[in-house]
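Before any comments, here is the structure.
Per chain, numbering begins at 1; letters A, B, ... match sequence-line order.
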Amino acid sequence: MKELYQTGNEIAESAAKATGTTVTRELLGTAASMNGNKPLAEVMYENVKVVGMPKWSAGDQSFAKAVQVNNHLKVQPLMDNVLPLLSVAALGEAAGASDDVGDISWNVPTAMMVFPSNIPNATMHNVLAGMAMATPIAHKGVVAGAKVMAMTVLDLVTTTRAGRRCEGLLRQRPDQRSEVRLHAVADRHPPPSIATTN
Amino acid sequence: MWTPIAKLVQQMVDTVFSYAEPGFQEFRTSAYLTEILEKNGFKITHGIAGIPTAWTATWGEGGPLIAMGSDEDDLRGLSQVPGLSTVKPIVPGAPGHGEGHNSGVPLMITAALAAKAVMEKNHIKGRLLLWPGIAEELLGGKAFYVRAGVFKDVDVCLYAHVAPMFGVMWGIGGNGMVSVEYTFHGKTAHAAADPWDGRSALDAVEIMDTAWNFRREHLRTVATLTLRHHQWR
(Lines give C-alpha, C1' and ligand atoms only; values in the text may rest on other atoms or scores of the structure.)
Protein backbone atom coordinates (compact mmCIF):
# COMPACT_ATOMS: atom_id res chain seq x y z
CA MET A 1 0.00 0.00 0.00
CA LYS A 2 2.84 2.35 0.92
CA GLU A 3 4.57 1.43 -2.34
CA LEU A 4 1.41 2.27 -4.31
CA TYR A 5 1.12 5.59 -2.54
CA GLN A 6 4.70 6.42 -3.44
CA THR A 7 4.09 5.39 -7.05
CA GLY A 8 1.12 7.72 -7.23
CA ASN A 9 3.14 10.57 -5.84
CA GLU A 10 5.95 10.02 -8.33
CA ILE A 11 3.58 9.88 -11.30
CA ALA A 12 1.81 13.05 -10.19
CA GLU A 13 5.07 14.91 -9.72
CA SER A 14 6.36 13.69 -13.08
CA ALA A 15 3.17 14.79 -14.83
CA ALA A 16 3.51 18.22 -13.26
CA LYS A 17 7.14 18.49 -14.32
CA ALA A 18 6.35 17.42 -17.88
CA THR A 19 3.68 20.08 -18.26
CA GLY A 20 5.29 22.92 -16.35
CA THR A 21 2.51 22.85 -13.77
CA THR A 22 2.63 22.25 -10.05
CA VAL A 23 0.86 19.62 -7.99
CA THR A 24 -0.19 19.32 -4.37
CA ARG A 25 -1.56 16.25 -2.66
CA GLU A 26 -3.75 15.55 0.31
CA LEU A 27 -4.06 12.16 1.90
CA LEU A 28 -7.77 11.79 2.55
CA GLY A 29 -7.76 8.44 4.24
CA THR A 30 -6.02 5.14 4.72
CA ALA A 31 -7.06 1.63 5.52
CA ALA A 32 -4.89 -1.26 6.63
CA SER A 33 -5.71 -4.84 5.75
CA MET A 34 -7.38 -7.05 8.34
CA ASN A 35 -5.46 -8.80 11.15
CA GLY A 36 -8.10 -10.83 12.92
CA ASN A 37 -7.24 -12.57 16.18
CA LYS A 38 -7.88 -16.30 16.00
CA PRO A 39 -8.49 -17.15 19.71
CA LEU A 40 -10.99 -14.31 19.94
CA ALA A 41 -12.61 -15.36 16.67
CA GLU A 42 -12.99 -18.89 18.02
CA VAL A 43 -14.77 -17.63 21.12
CA MET A 44 -17.11 -15.53 19.01
CA TYR A 45 -17.71 -18.32 16.52
CA GLU A 46 -18.86 -20.70 19.26
CA ASN A 47 -21.63 -18.18 19.94
CA VAL A 48 -22.52 -17.94 16.25
CA LYS A 49 -23.06 -21.70 16.27
CA VAL A 50 -25.25 -21.48 19.38
CA VAL A 51 -27.42 -18.65 18.02
CA GLY A 52 -27.67 -20.01 14.49
CA MET A 53 -29.36 -18.46 11.50
CA PRO A 54 -32.60 -16.46 11.89
CA LYS A 55 -35.85 -18.21 11.09
CA TRP A 56 -36.78 -16.77 7.72
CA SER A 57 -40.48 -16.53 6.88
CA ALA A 58 -42.02 -17.37 3.51
CA GLY A 59 -42.37 -13.63 3.00
CA ASP A 60 -38.65 -13.08 3.63
CA GLN A 61 -37.73 -15.74 1.10
CA SER A 62 -40.25 -14.45 -1.41
CA PHE A 63 -38.89 -10.91 -1.18
CA ALA A 64 -35.29 -12.10 -1.51
CA LYS A 65 -36.21 -14.03 -4.65
CA ALA A 66 -38.08 -11.04 -6.08
CA VAL A 67 -35.02 -8.82 -5.61
CA GLN A 68 -32.83 -11.39 -7.33
CA VAL A 69 -35.21 -12.08 -10.22
CA ASN A 70 -36.15 -8.47 -10.88
CA ASN A 71 -32.52 -7.38 -10.90
CA HIS A 72 -31.05 -10.29 -12.87
CA LEU A 73 -29.10 -11.68 -9.94
CA LYS A 74 -28.35 -15.32 -9.30
CA VAL A 75 -31.35 -16.78 -7.47
CA GLN A 76 -30.37 -18.19 -4.10
CA PRO A 77 -32.52 -18.51 -0.97
CA LEU A 78 -31.69 -16.70 2.24
CA MET A 79 -29.05 -18.79 3.92
CA ASP A 80 -30.07 -21.35 6.51
CA ASN A 81 -26.65 -22.41 7.80
CA VAL A 82 -23.85 -20.49 9.46
CA LEU A 83 -20.47 -20.39 7.74
CA PRO A 84 -17.47 -22.32 9.02
CA LEU A 85 -14.86 -20.28 10.90
CA LEU A 86 -13.12 -18.39 8.11
CA SER A 87 -9.49 -17.47 7.49
CA VAL A 88 -9.30 -14.09 5.79
CA ALA A 89 -6.18 -15.20 3.98
CA ALA A 90 -8.01 -18.17 2.52
CA LEU A 91 -10.72 -15.88 1.21
CA GLY A 92 -8.15 -13.79 -0.69
CA GLU A 93 -9.55 -10.74 -2.40
CA ALA A 94 -13.04 -12.01 -1.66
CA ALA A 95 -12.41 -10.94 1.93
CA GLY A 96 -12.80 -7.42 0.62
CA ALA A 97 -12.75 -4.73 3.26
CA SER A 98 -11.83 -1.15 2.77
CA ASP A 99 -11.34 0.27 6.23
CA ASP A 100 -13.80 -2.07 7.87
CA VAL A 101 -11.66 -2.60 10.94
CA GLY A 102 -8.15 -3.14 9.60
CA ASP A 103 -6.33 -0.31 11.34
CA ILE A 104 -7.82 -1.19 14.69
CA SER A 105 -7.06 -4.87 14.25
CA TRP A 106 -3.32 -4.12 14.01
CA ASN A 107 -3.47 -2.42 17.39
CA VAL A 108 -5.97 -4.38 19.44
CA PRO A 109 -6.94 -8.07 19.32
CA THR A 110 -9.98 -7.92 17.06
CA ALA A 111 -12.69 -10.30 15.90
CA MET A 112 -14.83 -9.56 12.86
CA MET A 113 -18.30 -11.04 12.51
CA VAL A 114 -20.51 -10.88 9.45
CA PHE A 115 -24.21 -11.03 10.24
CA PRO A 116 -27.09 -12.11 7.99
CA SER A 117 -29.14 -8.99 7.29
CA ASN A 118 -28.98 -8.91 3.52
CA ILE A 119 -29.88 -10.93 0.44
CA PRO A 120 -27.44 -13.32 -1.26
CA ASN A 121 -25.89 -11.93 -4.46
CA ALA A 122 -27.20 -8.39 -3.94
CA THR A 123 -24.34 -6.22 -5.15
CA MET A 124 -22.77 -4.31 -2.28
CA HIS A 125 -22.11 -0.58 -2.56
CA ASN A 126 -25.11 -0.59 -4.83
CA VAL A 127 -28.76 0.32 -4.62
CA LEU A 128 -29.57 -3.40 -4.75
CA ALA A 129 -27.95 -3.95 -1.36
CA GLY A 130 -30.27 -1.37 0.16
CA MET A 131 -33.55 -3.02 -0.79
CA ALA A 132 -33.70 -5.36 2.22
CA MET A 133 -32.00 -3.09 4.73
CA ALA A 134 -35.16 -1.83 6.41
CA THR A 135 -37.18 -5.04 6.25
CA PRO A 136 -37.61 -8.04 8.56
CA ILE A 137 -34.61 -9.66 6.87
CA ALA A 138 -32.36 -6.92 8.21
CA HIS A 139 -34.05 -6.86 11.61
CA LYS A 140 -33.74 -10.61 12.16
CA GLY A 141 -30.09 -10.61 11.16
CA VAL A 142 -29.33 -7.79 13.57
CA VAL A 143 -31.05 -9.57 16.46
CA ALA A 144 -29.06 -12.74 15.75
CA GLY A 145 -25.81 -10.79 15.50
CA ALA A 146 -26.55 -8.85 18.68
CA LYS A 147 -27.06 -12.08 20.59
CA VAL A 148 -23.63 -13.28 19.47
CA MET A 149 -22.00 -10.00 20.44
CA ALA A 150 -23.67 -9.92 23.86
CA MET A 151 -22.69 -13.54 24.53
CA THR A 152 -19.10 -12.82 23.47
CA VAL A 153 -18.90 -9.82 25.78
CA LEU A 154 -20.14 -11.98 28.64
CA ASP A 155 -17.57 -14.66 27.76
CA LEU A 156 -14.86 -12.04 28.02
CA VAL A 157 -15.92 -10.69 31.42
CA THR A 158 -16.78 -13.94 33.16
CA THR A 159 -14.90 -17.06 34.17
CA THR A 160 -16.57 -19.45 31.80
CA ARG A 161 -14.32 -21.71 29.78
CA ALA A 162 -14.30 -19.15 27.01
CA GLY A 163 -13.60 -16.44 29.56
CA ARG A 164 -10.56 -18.30 30.85
CA ARG A 165 -9.29 -18.71 27.30
CA CYS A 166 -9.62 -15.00 26.81
CA GLU A 167 -7.77 -14.11 30.00
CA GLY A 168 -4.45 -14.92 28.37
CA LEU A 169 -5.49 -12.96 25.32
CA LEU A 170 -6.36 -9.93 27.39
CA ARG A 171 -3.09 -10.09 29.33
CA GLN A 172 -0.73 -10.75 26.48
CA ARG A 173 -2.13 -8.56 23.75
CA PRO A 174 -0.11 -10.43 21.15
CA ASP A 175 1.63 -8.90 18.18
CA GLN A 176 -1.27 -6.61 17.40
CA ARG A 177 0.21 -3.61 19.13
CA SER A 178 2.28 -2.59 16.12
CA GLU A 179 1.53 0.88 14.78
CA VAL A 180 4.10 0.75 12.01
CA ARG A 181 1.60 0.69 9.19
CA LEU A 182 -0.34 3.63 10.49
CA HIS A 183 2.65 5.81 11.09
CA ALA A 184 3.92 4.99 7.65
CA VAL A 185 0.86 6.21 5.80
CA ALA A 186 -1.52 8.45 7.73
CA ASP A 187 0.24 11.81 7.67
CA ARG A 188 -2.37 14.17 8.97
CA HIS A 189 -4.49 14.54 12.04
CA PRO A 190 -7.38 15.14 12.23
CA PRO A 191 -8.55 13.89 8.83
CA PRO A 192 -9.83 16.40 6.30
CA SER A 193 -13.59 16.66 6.79
CA ILE A 194 -14.65 16.31 3.20
CA ALA A 195 -16.98 14.08 1.28
CA THR A 196 -16.11 14.70 -2.33
CA THR A 197 -15.54 11.09 -3.39
CA ASN A 198 -18.46 9.83 -5.43
CA MET B 1 -35.36 -10.16 27.21
CA TRP B 2 -35.20 -10.28 23.41
CA THR B 3 -38.81 -9.43 22.52
CA PRO B 4 -38.69 -5.74 23.55
CA ILE B 5 -35.13 -5.55 22.25
CA ALA B 6 -36.29 -6.81 18.84
CA LYS B 7 -38.67 -3.87 18.66
CA LEU B 8 -35.84 -1.47 19.48
CA VAL B 9 -33.75 -3.14 16.76
CA GLN B 10 -36.45 -2.48 14.19
CA GLN B 11 -36.76 1.14 15.24
CA MET B 12 -33.01 1.79 15.18
CA VAL B 13 -32.33 -0.01 11.90
CA ASP B 14 -35.19 1.70 10.09
CA THR B 15 -34.50 5.13 11.57
CA VAL B 16 -30.83 5.10 10.57
CA PHE B 17 -31.84 3.84 7.12
CA SER B 18 -34.17 6.83 6.78
CA TYR B 19 -31.46 9.31 7.80
CA ALA B 20 -29.12 8.02 5.06
CA GLU B 21 -26.12 10.23 5.73
CA PRO B 22 -22.81 9.91 3.81
CA GLY B 23 -19.30 10.08 5.25
CA PHE B 24 -18.53 12.92 7.68
CA GLN B 25 -22.19 13.99 7.44
CA GLU B 26 -23.59 11.47 9.94
CA PHE B 27 -24.94 14.17 12.28
CA ARG B 28 -28.54 13.01 12.75
CA THR B 29 -27.48 9.37 12.85
CA SER B 30 -24.89 9.99 15.55
CA ALA B 31 -27.24 12.20 17.57
CA TYR B 32 -30.00 9.59 17.44
CA LEU B 33 -27.82 6.62 18.39
CA THR B 34 -25.93 8.39 21.16
CA GLU B 35 -29.20 9.62 22.66
CA ILE B 36 -30.32 6.01 23.04
CA LEU B 37 -27.04 5.07 24.67
CA GLU B 38 -27.06 8.08 26.97
CA LYS B 39 -30.57 7.28 28.14
CA ASN B 40 -29.31 3.82 29.01
CA GLY B 41 -26.48 5.00 31.22
CA PHE B 42 -23.58 5.31 28.79
CA LYS B 43 -21.24 8.29 28.94
CA ILE B 44 -21.00 9.94 25.52
CA THR B 45 -18.00 11.80 24.14
CA HIS B 46 -18.59 13.61 20.85
CA GLY B 47 -16.09 14.73 18.25
CA ILE B 48 -13.44 12.15 18.98
CA ALA B 49 -10.25 12.19 16.89
CA GLY B 50 -11.21 15.64 15.68
CA ILE B 51 -14.08 14.25 13.62
CA PRO B 52 -17.34 16.16 14.27
CA THR B 53 -19.68 13.18 13.80
CA ALA B 54 -17.54 10.66 15.67
CA TRP B 55 -18.31 9.58 19.22
CA THR B 56 -17.64 7.03 21.89
CA ALA B 57 -20.03 5.63 24.48
CA THR B 58 -18.57 4.07 27.62
CA TRP B 59 -20.05 2.19 30.54
CA GLY B 60 -18.87 -0.03 33.37
CA GLU B 61 -16.00 -0.32 35.80
CA GLY B 62 -13.08 -2.66 36.37
CA GLY B 63 -12.40 -5.75 34.32
CA PRO B 64 -11.43 -5.71 30.67
CA LEU B 65 -12.24 -2.82 28.36
CA ILE B 66 -14.12 -4.20 25.36
CA ALA B 67 -14.59 -2.06 22.26
CA MET B 68 -17.63 -2.72 20.09
CA GLY B 69 -18.01 -1.03 16.74
CA SER B 70 -19.53 -0.95 13.29
CA ASP B 71 -20.01 1.58 10.50
CA GLU B 72 -22.82 4.12 10.16
CA ASP B 73 -22.17 6.09 6.95
CA ASP B 74 -23.94 5.53 3.65
CA LEU B 75 -23.22 6.12 -0.03
CA ARG B 76 -24.12 8.94 -2.38
CA GLY B 77 -26.74 8.38 -5.04
CA LEU B 78 -28.09 5.12 -3.60
CA SER B 79 -31.42 6.26 -2.18
CA GLN B 80 -33.87 3.36 -2.33
CA VAL B 81 -37.38 2.63 -1.12
CA PRO B 82 -36.95 -0.27 1.33
CA GLY B 83 -38.93 -3.43 0.84
CA LEU B 84 -39.25 -2.82 -2.89
CA SER B 85 -37.61 -5.27 -5.28
CA THR B 86 -37.12 -2.81 -8.12
CA VAL B 87 -34.96 0.29 -8.22
CA LYS B 88 -36.87 3.32 -6.95
CA PRO B 89 -35.17 6.07 -4.96
CA ILE B 90 -36.94 7.74 -2.05
CA VAL B 91 -35.31 10.95 -3.24
CA PRO B 92 -33.66 10.79 -6.69
CA GLY B 93 -29.91 11.32 -6.44
CA ALA B 94 -29.90 11.31 -2.65
CA PRO B 95 -27.62 9.13 -0.51
CA GLY B 96 -28.75 5.71 0.63
CA HIS B 97 -27.69 2.69 2.62
CA GLY B 98 -26.54 0.55 -0.28
CA GLU B 99 -23.93 -1.07 1.95
CA GLY B 100 -26.25 -1.73 4.87
CA HIS B 101 -24.40 0.43 7.36
CA ASN B 102 -27.72 1.30 8.97
CA SER B 103 -27.62 -2.06 10.76
CA GLY B 104 -24.20 -2.41 12.41
CA VAL B 105 -24.30 0.19 15.17
CA PRO B 106 -27.89 -0.76 16.12
CA LEU B 107 -26.58 -4.32 16.46
CA MET B 108 -23.79 -3.20 18.75
CA ILE B 109 -26.12 -1.03 20.85
CA THR B 110 -28.53 -3.94 21.21
CA ALA B 111 -25.71 -6.26 22.28
CA ALA B 112 -24.28 -3.71 24.70
CA LEU B 113 -27.65 -3.12 26.37
CA ALA B 114 -28.20 -6.86 26.75
CA ALA B 115 -24.70 -7.50 28.13
CA LYS B 116 -24.99 -4.50 30.46
CA ALA B 117 -28.25 -5.82 31.89
CA VAL B 118 -26.68 -9.19 32.68
CA MET B 119 -23.52 -7.62 34.11
CA GLU B 120 -25.49 -5.26 36.35
CA LYS B 121 -27.79 -8.01 37.61
CA ASN B 122 -24.86 -10.28 38.42
CA HIS B 123 -22.37 -7.61 39.56
CA ILE B 124 -19.87 -8.54 36.86
CA LYS B 125 -16.91 -6.22 36.34
CA GLY B 126 -16.08 -5.01 32.87
CA ARG B 127 -16.22 -1.93 30.66
CA LEU B 128 -17.76 -1.36 27.26
CA LEU B 129 -16.69 1.22 24.70
CA LEU B 130 -18.93 1.65 21.67
CA TRP B 131 -17.67 3.47 18.59
CA PRO B 132 -19.05 4.16 15.10
CA GLY B 133 -17.26 3.73 11.81
CA ILE B 134 -17.45 7.27 10.48
CA ALA B 135 -16.88 7.82 6.76
CA GLU B 136 -15.89 4.19 6.28
CA GLU B 137 -16.52 4.48 2.57
CA LEU B 138 -14.00 7.34 2.40
CA LEU B 139 -11.36 5.54 4.51
CA GLY B 140 -11.90 8.45 6.83
CA GLY B 141 -12.25 7.17 10.37
CA LYS B 142 -10.49 4.26 11.94
CA ALA B 143 -6.82 5.01 11.22
CA PHE B 144 -7.43 8.42 12.73
CA TYR B 145 -9.15 6.91 15.76
CA VAL B 146 -6.09 4.79 16.40
CA ARG B 147 -3.74 7.73 16.00
CA ALA B 148 -5.86 9.73 18.43
CA GLY B 149 -5.53 7.00 21.05
CA VAL B 150 -9.17 5.92 21.14
CA PHE B 151 -8.06 2.28 21.51
CA LYS B 152 -5.05 2.94 23.74
CA ASP B 153 -6.45 1.13 26.78
CA VAL B 154 -8.77 -1.27 24.96
CA ASP B 155 -8.21 -4.99 25.59
CA VAL B 156 -10.19 -6.45 22.68
CA CYS B 157 -12.32 -5.12 19.85
CA LEU B 158 -15.47 -6.75 18.53
CA TYR B 159 -16.61 -5.67 15.08
CA ALA B 160 -19.58 -6.57 12.89
CA HIS B 161 -20.49 -5.97 9.25
CA VAL B 162 -23.66 -6.75 7.37
CA ALA B 163 -23.66 -9.61 4.84
CA PRO B 164 -26.00 -12.31 3.57
CA MET B 165 -24.12 -14.84 5.71
CA PHE B 166 -23.36 -15.45 9.39
CA GLY B 167 -19.80 -16.13 10.44
CA VAL B 168 -16.51 -14.94 11.92
CA MET B 169 -13.19 -14.22 10.21
CA TRP B 170 -9.63 -14.28 11.52
CA GLY B 171 -6.13 -13.87 10.11
CA ILE B 172 -4.36 -11.42 7.87
CA GLY B 173 -5.88 -10.47 4.53
CA GLY B 174 -8.35 -8.26 2.74
CA ASN B 175 -7.59 -4.97 1.08
CA GLY B 176 -5.43 -2.19 2.38
CA MET B 177 -6.16 1.14 0.74
CA VAL B 178 -5.00 4.70 0.51
CA SER B 179 -7.11 7.60 -0.78
CA VAL B 180 -5.21 10.62 -2.08
CA GLU B 181 -6.34 13.79 -3.82
CA TYR B 182 -3.86 15.29 -6.28
CA THR B 183 -4.51 18.86 -7.41
CA PHE B 184 -2.65 20.29 -10.40
CA HIS B 185 -2.19 24.03 -10.75
CA GLY B 186 -1.65 25.60 -14.19
CA LYS B 187 -1.20 29.13 -15.45
CA THR B 188 -3.80 31.02 -17.43
CA ALA B 189 -3.00 32.68 -20.75
CA HIS B 190 -4.78 33.74 -23.92
CA ALA B 191 -5.04 30.68 -26.16
CA ALA B 192 -4.44 32.65 -29.37
CA ALA B 193 -2.34 35.64 -28.31
CA ASP B 194 0.23 34.05 -25.97
CA PRO B 195 -0.37 30.34 -25.42
CA TRP B 196 3.35 29.93 -24.68
CA ASP B 197 2.76 31.75 -21.40
CA GLY B 198 0.10 29.27 -20.28
CA ARG B 199 0.43 25.92 -18.51
CA SER B 200 -2.41 23.44 -18.54
CA ALA B 201 -3.37 21.55 -15.38
CA LEU B 202 -5.66 19.42 -17.54
CA ASP B 203 -2.63 18.30 -19.58
CA ALA B 204 -1.01 17.10 -16.37
CA VAL B 205 -4.15 15.23 -15.34
CA GLU B 206 -4.24 13.48 -18.71
CA ILE B 207 -0.58 12.50 -18.48
CA MET B 208 -1.12 11.16 -14.97
CA ASP B 209 -4.13 9.19 -16.17
CA THR B 210 -2.12 7.69 -19.04
CA ALA B 211 0.85 6.89 -16.81
CA TRP B 212 -1.40 5.13 -14.28
CA ASN B 213 -2.86 2.99 -17.01
CA PHE B 214 0.57 1.96 -18.35
CA ARG B 215 1.74 1.23 -14.83
CA ARG B 216 -1.11 -1.20 -14.12
CA GLU B 217 0.56 -3.98 -16.11
CA HIS B 218 3.51 -3.91 -13.74
CA LEU B 219 1.68 -3.94 -10.44
CA ARG B 220 1.35 -6.96 -8.21
CA THR B 221 -1.78 -8.85 -9.15
CA VAL B 222 -3.46 -7.93 -5.86
CA ALA B 223 -2.85 -4.22 -6.30
CA THR B 224 -5.32 -1.96 -8.07
CA LEU B 225 -5.45 1.70 -8.91
CA THR B 226 -8.55 3.79 -9.34
CA LEU B 227 -8.28 7.33 -10.65
CA ARG B 228 -11.23 9.68 -10.45
CA HIS B 229 -11.19 13.12 -11.96
CA HIS B 230 -13.48 15.42 -10.10
CA GLN B 231 -12.08 18.87 -10.51
CA TRP B 232 -9.62 20.86 -12.52
CA ARG B 233 -8.10 24.15 -11.55
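With a 4.5 Å cut-off on non-hydrogen atoms, Asp203(B) touches chain A through its backbone and its side chain both. The contact between Glu3(A) and chain B is made entirely by side chain atoms (from C-beta outward), counting heavy-atom distances below 4.5 Å. For chain A, no part of Ile109(B) is nearby; none of its heavy atoms comes within less than 4.5 Å. Only the side chain of Leu128(A) has a heavy atom closer than 4.5 Å to any heavy atom of chain B. Residue contact with chain A, scored on non-hydrogen atoms closer than 4.5 Å, involves the backbone and the side chain of Met165(B) alike. At a 4.5 Å heavy-atom cutoff, the contact between Thr86(B) and chain A is made by backbone and side-chain atoms alike. Interface residue Lys125(B): only backbone heavy atoms are found under 4.5 Å from chain A. With a threshold of 4.5 angstrom between heavy atoms, Ala144(A) approaches chain B through its backbone and through its side chain. Neither the backbone nor the side chain of Met12(B) comes within less than 4.5 Å of any heavy atom in chain A. If you measure heavy-atom distances from Ser70(B) to chain A, you find no contacts under 4.5 Å at all.
In this structure, a donor-acceptor pair under 3.5 Å is present between the side chains of Asn70(A) and Ser85(B). In summary, the side chains of Tyr182(B) and Asn9(A) do present a donor paired with an acceptor at a separation below 3.5 Å, with no hydrogens or angles considered.
Between Thr110(A) atom OG1 and Trp170(B) atom CH2 the span is 15.0 Å, to the nearest 0.5 Å. To the nearest 0.5 Å, atoms OG1 (Thr24(A)) and CZ (Phe184(B)) are separated by 9.0 Å. Taking CG of Leu78(B) as the reference point, atom NE2 of His125(A) lies at 9.5 Å (rounded to 0.5 Å). If you take CD1 on Ile207(B) and OG1 on Thr21(A), they are separated by 8.0 Å, rounding to the nearest 0.5 Å. Between the CZ atom of Phe166(B) and the NZ atom of Lys49(A) there is a distance of 13.0 Å, given to the nearest 0.5 Å. Interatomic distance, Thr19(A) OG1 to Glu206(B) CD, rounded to the nearest 0.5 Å: 10.5 Å.
Per-residue heavy-atom pair counts under 4.5 Å with chain B were compared for Pro84(A), Pro54(A), Gly130(A), Gly52(A), and the maximum is reached by Gly130(A). Ranked by heavy-atom pairs under 4.5 Å with chain A, the list Cys157(B), Pro82(B), Ser79(B) is led by Cys157(B). Heavy-atom pairs under 4.5 Å with chain B peak, among Val23(A), Val114(A), Asn71(A), at Val114(A). Between chain A and the residues Asn122(B), Asp73(B), Val180(B), the most heavy-atom pairs under 4.5 angstrom are made by Val180(B). The residue among Gly8(A), Ala66(A), Pro120(A) with the most heavy atom pairs within less than 4.5 Å of chain B is Gly8(A). Between chain B and the residues Ser117(A), Ala18(A), Ala138(A), the most heavy-atom pairs under 4.5 angstrom are made by Ser117(A). Interface check for chain B: of the options Val148(A), Asn126(A), Thr135(A), Ile137(A), the most heavy-atom pairs under 4.5 Å are formed by Asn126(A). In terms of heavy-atom pairs under 4.5 angstrom with chain A, the leader among Gly63(B), Gly100(B), Ser103(B), Ala211(B) is Ser103(B). Taking chain B as the reference chain and counting heavy-atom pairs below 4.5 Å, the highest number among Thr152(A), Val67(A), Val142(A) is found for Val142(A). Taking chain A as the reference chain and counting heavy-atom pairs below 4.5 Å, the highest number among Glu99(B), His101(B), Met119(B) is found for Glu99(B). Between chain A and the residues Ala160(B), Gly62(B), Pro106(B), Ala112(B), the largest count of heavy-atom pairs under 4.5 Å involves Ala160(B).
Between Leu4(A) and Trp212(B), the shortest heavy-atom distance links the atoms O-CH2, 4.4 Å. Closest heavy-atom contact between Gly98(B) and Ala129(A): O-CB, 3.2 Å. Nearest approach of Gly173(B) to Ser33(A), heavy atoms of both residues: O-CB, 3.3 Å. Closest heavy-atom contact between Met133(A) and His97(B): CG-O, 4.2 Å. Looking at every heavy atom in both residues, Pro164(B) comes nearest to Pro116(A) through O-CB, 3.7 Å. Contact detail for Val168(B) and Leu85(A): the closest heavy-atom pair is O-CD1, 3.6 Å.
Residues Leu83(A) and Met169(B) form no side-chain contact, since every pair of their non-hydrogen atoms from C-beta on lies 4.5 Å or further apart. You'll find the side chain of Thr158(A) reaches within 4.5 Å of the side chain of Ile124(B), heavy atoms only. Here the side chains of Val143(A) and Ile5(B) are not in contact, with every heavy-atom distance at 4.5 Å or above. Here the side chains of Met108(B) and Met149(A) are in contact, with some heavy-atom distance below 4.5 Å. Residues Leu158(B) and Leu40(A) form a side-chain contact, since some pair of their non-hydrogen atoms from C-beta on lies under 4.5 Å apart. At least one side-chain heavy atom of Met124(A) sits under 4.5 Å from a side-chain heavy atom of Val162(B). Counting only heavy atoms from C-beta outward, the side chains of Arg215(B) and Thr7(A) approach each other to under 4.5 Å. Residues Ile66(B) and Val157(A) meet the side-chain proximity criterion, which asks for heavy atoms closer than 4.5 Å.
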Exercise for review: Could you give me the CA-CA distance, side-chain angles and deciding distance for Met113(A) and Leu107(B), then say whether side-chain contact (heavy atoms from CB on, under 4.5 Å) is met?
Suggested key: CA-CA 11 Å; Met113(A) 177 186 77; Leu107(B) 183 155; 4.1 Å; yes

Evaluate the side-chain contact (heavy atoms from CB on, under 4.5 Å) criterion for residues Phe144(B) and Asp103(A): first the C-alpha distance (whole Å), next the side-chain angles of each, then the deciding distance (0.1 Å), finally the verdict. CA-CA 9 Å; Phe144(B) 300 98; Asp103(A) 297 284; over 6 Å; no

Test side-chain contact (heavy atoms from CB on, under 4.5 Å) applied to Glu181(B) and Arg25(A), step by step:
CA-CA 5 Å; Glu181(B) 181 180 70; Arg25(A) 67 171 178 263; over 6 Å; no

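Without hydrogens or angle criteria, Gln80(B) side chain to Met131(A) main chain gives no donor-acceptor distance under 3.5 Å.
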